[in-house]
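Worksheet for the structure shown next.
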Amino acid sequence: MLSLLVALSEQWGTVGLILDSGFGVQELSRENDNLVVRIMASRPFMTEGERRVSDYLLKHQSAAYAISQAELARACGVSAPTISRYVKRLGQKNYHAFQVAFARTGFLMHDGASEEELGSTLSIDDVTKSLKELLNKRREDLEATIESLSNDDFIEAVNCIAHARTLLIAAAGRTLPVALDAAYKFERLGIMCPTSLYYEKLLSSAILLEQGDVLLVISRSGWTGTLQQVASAAKDNGATIVLVTENNESPLVRVADLVFVACSSDGMLDGRGGNSRLSEMLIVEALYALVALRKEDGVDHIEKHYRYVMSETSLP
């Protein structure tokens, strides 16, 4: 797990970041016994069969304790040995130990409710309860995202961005707001950070990248054709490609140098995917915070930006 200092933030009610005065950071979190979070964090790195098992378990949480290993294997279209490997991947000695731990997690989190039952409890008639359910799901997403991050890869990404002449940020569709926010953040640190809503502009900027520059791609699916072209152009010119995605088996993963998986379960609540961007935003926030520590003149640029914003110059 990424060695960030993790704390619960009152503002988000989720995961926030606390950084020390140097570049080194330490982990401040209890050992994660939440099997749902562990499954979500491990899912991008599982085999296809293991993913089917994960999807089935997350959808039928309250029924998992009553189903045998053979029944689970048949329901997911996998073999019994696959189930054995699956539970050991998640740190359990055997299937029975997994059942007990998984049932305990479900009761602690949802008082015994399944994912389908959770979705059905969202109601305009009980806004407070609905908001708490949404908060719980978003907290799980962010914890799973933190768990999935590689410490070494994250440090490498921070170093690349901190020393880059240009950081091009590319996104499409629902992740565009994350890209625009990221460009604003990193430019305040003194890094040239172009981005655009238009593919043609992104492509022309990617062609101008050089060795030592960085392309940050934010793509939920990892399949967007225009972003693949932008990434190919950046790769051909020697730029480092950092990808934030939910899909660890997409074409963009194959061209990227560093990949960070944003875990999201928003489809479990409303039947649709891609509606929440909090996991992508968390990764961007973490990159920004650590680049600010690594970049020697980052604070100077932030102060210069602040002076202009707070100046008494009369605006038209």
Side-chain angles (χ1 to χ4, degrees), residues 9 11-17 40 44 131 134-135 137-146 148-149 154 157-158 161 164 166-206 214-231 234 241-248 250 252-253 256 258-292 302 305 309:
S9 163
Q11 182 178 359
W12 280 17
T14 55
V15 176
L17 300 175
M40 291 170 60
L131 291 177
L134 289 169
L135 175 61
K137 296 309 299 178
R138 296 301 170 251
R139 181 183 289 114
E140 291 172 25
D141 291 344
L142 299 186
E143 289 179 349
T145 297
I146 288 291
S148 72
L149 298 178
F154 214 80
V158 167
I161 294 173
T166 301
L167 168 63
L168 174 62
I169 302 183
R174 295 177 182 179
T175 53
L176 278 169
V178 183
L180 295 172
D181 179 65
Y184 171 74
K185 282 182 166 65
F186 285 107
E187 283 197 336
R188 293 178 66 227
L189 296 176
I191 302 172
M192 293 294 295
C193 196
T195 190
S196 177
L197 302 177
Y198 302 104
Y199 152 72
E200 294 83 0
K201 172 61 176 173
L202 290 174
L203 182 60
S204 62
S205 297
V214 177
L215 169 65
L216 173 60
V217 182
I218 306 170
S219 174
R220 176 63 66 91
S221 70
W223 278 90
T224 307
T226 54
L227 295 181
Q228 292 182 52
Q229 292 179 330
V230 170
I241 300 176
V242 178
L243 173 65
V244 177
T245 184
E246 187 182 297
N247 184 0
N248 202 41
S250 67
L252 277 171
V253 169
L258 299 164
V259 178
F260 303 117
V261 177
C263 303
S264 177
S265 60
D266 51 359
M268 296 177 187
L269 290 174
D270 58 13
R272 299 291 184 269
N275 294 316
S276 173
R277 308 180 189 94
L278 288 182
S279 295
E280 289 90 342
M281 291 176 66
L282 174 63
I283 294 174
V284 169
E285 289 278 352
L287 287 170
Y288 168 77
L290 294 178
V291 169
I302 292 176
H305 182 272
V309 171

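Keep in mind that the numbers below use all heavy atoms, side chains included, and drop hydrogens, waters and symmetry copies.
- For the pair Leu243/Val253, a side-chain contact is recorded, criterion being any heavy-atom separation below 4.5 Å from C-beta on.
- The backbone N or O of Ile218 sits less than 3.5 Å from a side-chain atom of Thr175, completing a donor-acceptor pair.
- Remark: Leu215 CG to Ser205 OG distance equals 10.0 Å, nearest 0.5 Å.
- The heavy-atom pair separating Val242 from Ala157 by the smallest distance is CG2-CB, 4.4 Å.
- Minimum heavy-atom separation, Ala231 to Ile241: O-CD1, 3.2 Å.
- Closest heavy-atom contact between Gln228 and Leu252: CA-CD2, 3.9 Å.
- Side-chain contact between Cys193 and Leu167 is present, with heavy atoms from C-beta onward closer than 4.5 Å.
- Residues Leu287 and Val158 form a side-chain contact, since some pair of their non-hydrogen atoms from C-beta on lies under 4.5 Å apart.
- Between the side chain of Thr145 and the main chain of Ala262, no donor-acceptor pair closer than 3.5 Å is present.
- The shortest heavy-atom contact between Ala144 and Met40 is CB-CB, 3.7 Å.
- Side-chain atoms of Leu227 and Tyr199, non-hydrogen and from C-beta on, never get closer than 4.5 Å to each other.
- Under the 3.5 Å distance criterion, the side-chain polar atoms of Thr245 are matched with a main-chain donor or acceptor of Arg220.
- For the atom pair CD1 (Ile283) and SG (Cys263), the distance works out to 8.0 Å, reported to the nearest 0.5 Å.
- The nearest pair of heavy atoms linking Leu176 to Ser196 is CD2-O, 4.2 Å.
- Taking OG1 of Thr195 as the start and CG of Leu168 as the end, the distance is 6.5 Å to the nearest 0.5 Å.
- The heavy-atom pair separating Arg138 from Ser276 by the smallest distance is NE-OG, 3.5 Å.
- Among residue pairs with one or both ends in residues 221-230, none qualify as salt bridge (Lys or Arg N to Asp or Glu O under 4.0 Å); sequence neighbours excluded.
- Taking NZ from Lys185 and CD1 from Ile169, the interatomic distance works out to 10.0 Å, rounded to the nearest 0.5 Å.
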Full working for salt bridge (charged side-chain N to carboxylate O under 4.0 Å, His left out) between Asp141 and Lys137: CA-CA 6 Å; Asp141 291 344; Lys137 296 309 299 178; over 6 Å; no
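- If you take CD on Glu143 and OG on Ser279, they are separated by 11.0 Å, rounding to the nearest 0.5 Å.
- Taking CG from Leu197 and CG from Leu180, the interatomic distance works out to 5.5 Å, rounded to the nearest 0.5 Å.
- The shortest distance between side-chain heavy atoms of Val230 and Val217 does not fall below 4.5 Å.
- Residues Ile191 and Val291 form a side-chain contact, since some pair of their non-hydrogen atoms from C-beta on lies under 4.5 Å apart.
- Side-chain atoms of Ser250 never come within 3.5 Å of backbone atoms of Trp223 as a donor-acceptor pair (strictly under, hydrogens ignored).
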